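Quick notes on the structure that follows.
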Amino acid sequence: MTAITEPGLALQASGLGKRYGSTWALRDVELAVPEGRVIALVGPNGAGKTTLLHLAMGLTVPTAGEVRVQGGLAAGSLAALSTVGFVAQDAALYPNLSVADTIHLAHNLNTGFDVSRAHERIAELDVPLGCKVGKLSGGQRAQVALTLALAKRPRLLILDEPLSSLDPLARHDFMAALMAAVAEDGISVLYSSHVVSELERVSDYLVVLSGGRVQLADEVDDVLGTHWLYTGPVAEADRIAADLPVLRDRRTDVLAYLLVRSTGPQAQPPHGWEATRVGLEELVLAYLRKPRTTVTHGALELTAKGTAL
Amino acid sequence: MLSVMGLGALVLLLDGRSMHSAFTSSGMINCLPGHEAGYCGAALDAFRPAQDRVSQLTGLCLALPVLYGLFLGAPLLAREYESGTYRFAFTQGAGRVRWLIAKIVLLSSFTIATTTAFTAVVMWWYSPLVPLTGRLGNTIFESYGAVFVARALFAFAVGIAVGALLRRTVPAIGVTLGVWLVVVISTTVSLRQNFLTPLNTLNGTVPSTAWTVSSQWTGPDGHALTGNQVADLQYRAAEGGHKLDLGQYLADQGYRHLASYHPESRFWSFQAIEAGGLAAVSVALLILAIWLVRRRAA
């Protein structure tokens, strides 16, 4: 995951905020995600995931700050739209158009659209070309939307909840198709999901969003390498918790289980304590339960507000 | 849309054939100004059923242009927002402005082409009646020529702009209908007659094809007379043996019949003014819609 040359940024946000009426859907978002990653944007429903993705596509105008994509292109600009592919939630295709007509439409709306590649993929997927998009299954529709986005030959692909309406099999097929495309073209992918399982397998950069704020944004490997579950005598737990940022604090009569973020890459647990690795899913859940913690790449200190439970 | 217009045109073509032949066979052709005046009562009676149908059909034609606003214009953006497909349309490489301009160009061309074809049929259909009734002070004004096309384009533009504002299809359709009706009715009822200054006459003789915008009798003392007074006056004059030289007799008595009217020769000027005005407003509304789509967050 170490960058050989200085990579451009796939997604860049500074002071980004969006307010609907009097409530902030998204606030103070600072992001600098490098290119060439599969970025998972996770968070519960209503966390602001769709708002962030719509801001990145220029579908929504920010209330505060700015967002740039694919090496500093202004979100929603013509340059950005021609190099960033987007698959909206539930695909958002025209239900009354046939698959062939939908491909034709996308061809007319994009320069450099690869029609033959789109037709090839549709044939591989066994989706009937003459069928209306509205009559396809959810999985087929998602695949058609992915096909269109990929045929545009984007450098960055943004997908809003691509898996939410798919059954497990369709989900697997969709992710397999997406990963194959990533491997083939070396594009960056930013996808949102409220499903936290399987994150480790399919993503290498993680952004955790909760309550409209970024809770965590870092390379998956770094996240895994810096979070530990410390197990030790409950009597010393308060002393440990005072030194290290604690994400989750569980105690029995004898033992304390502290989920901590270590400051260095090598975790040296205090004497008499045992450190074990934590799975990504468990970590994400811990961050989601802890609404006022913010960790972003390059800024390792936790904001102090939420550290004491 | 096409089928409604096609059906309407077919009805007019069929009716046109029967009307054209009725016009000739009834002898109406000899009653036209410029022909040797014959006895036209019988011809008028024979032609009356055709003429009644004409007024019914022109009434139906009046409503056609608004359909372009309700079914093409209003849903164009509103349905995109409502169903969420704007997220596809606005994120393609062409960008949302080019997407919208392409849609506008395509659909307004369709609107202009189909309404032009339709009004061409109307013009052929109505042609026998033009020298008889004129086209200015008559509902045919709205279906005959450029105004018909401009009204459809205006409905289309209102629909798009309202859809861009409201973002919901059914309310957009309702508001489009309301706006179109208000503009069209106020134009017909009060604006149009002021496009050009009417001609005036003191003896009340207005050509049968002209559009009379006001008609007023004044007495010898210069006071205006009410309709009842005029009827009473005419009745007593006729009783007094002046049935045939009624106008002359009343004029000699000092009564004046002041009338303002627009002659039939102004028809195309009126068409140009009204159609031009509607087209200008339509273009402004389309620019507003593009601006809304460009500026506002989706």
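The structure presented is a predicted model; accordingly, all values stated were derived computationally and were not measured. Convention: sequence-line order gives letters A, B, ...; per-chain numbering from 1.
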Gap separating the CZ atom of Phe90(B) from the CG atom of Leu109(A), nearest 0.5 angstrom | 11.5 Å
What closest approach, in Å, do Ala92(A) and Gly84(B) show between heavy atoms, and which atom pair accounts for it?
-> CB-O, 3.5 Å
Between the CG atom in Asp90(A) and the OG atom in Ser83(B), the distance rounded to the nearest 0.5 Å is 11.5 Å
For His104(A), does the NE2 atom sit with more than 12 other heavy atoms under 6.0 Å from it, leaving out its own atoms?
-> no
Other residues, nucleotides, ligands: >12 heavy atoms within 6.0 Å of Arg171(A) CZ | yes
Name the member of Glu80(B), Arg79(B), Gln92(B) that forms the most heavy-atom pairs with chain A at distances under 4.5 Å.
-> Gln92(B)
So how far is it from Asn108(A) CG to Arg98(B) CZ, rounded to the nearest 0.5 Å?
-> 10.5 Å
Nearest non-hydrogen partners of Ala88(A) and Arg87(B), listed with the distance = CB-CB, 3.7 Å
Inspect the surroundings of CZ in Arg17(B) and state if more than 12 heavy atoms from other residues, nucleotides or ligands are less than 6.0 Å away.
-> no
Mind checking the OG1-NE2 spacing from Thr91(B) to His54(A)? Nearest 0.5 Å is all I need.
-> 8.5 Å
Using the side-chain contact (heavy atoms from CB on, under 4.5 Å) rule, take Phe88(B) and Leu105(A) through it: C-alpha gap first, then chi angles, then the decisive distance, then the call.
-> CA-CA 11 Å; Phe88(B) 175 81; Leu105(A) 175 67; 3.8 Å; yes
Is the side chain of Asn110(A) donor-acceptor paired with the backbone N or O of Gly93(B) at a distance under 3.5 Å, no angle test?
-> yes
Side chain / backbone / both / neither for Ile158(A) at chain B, heavy atoms under 4.5 Å = neither
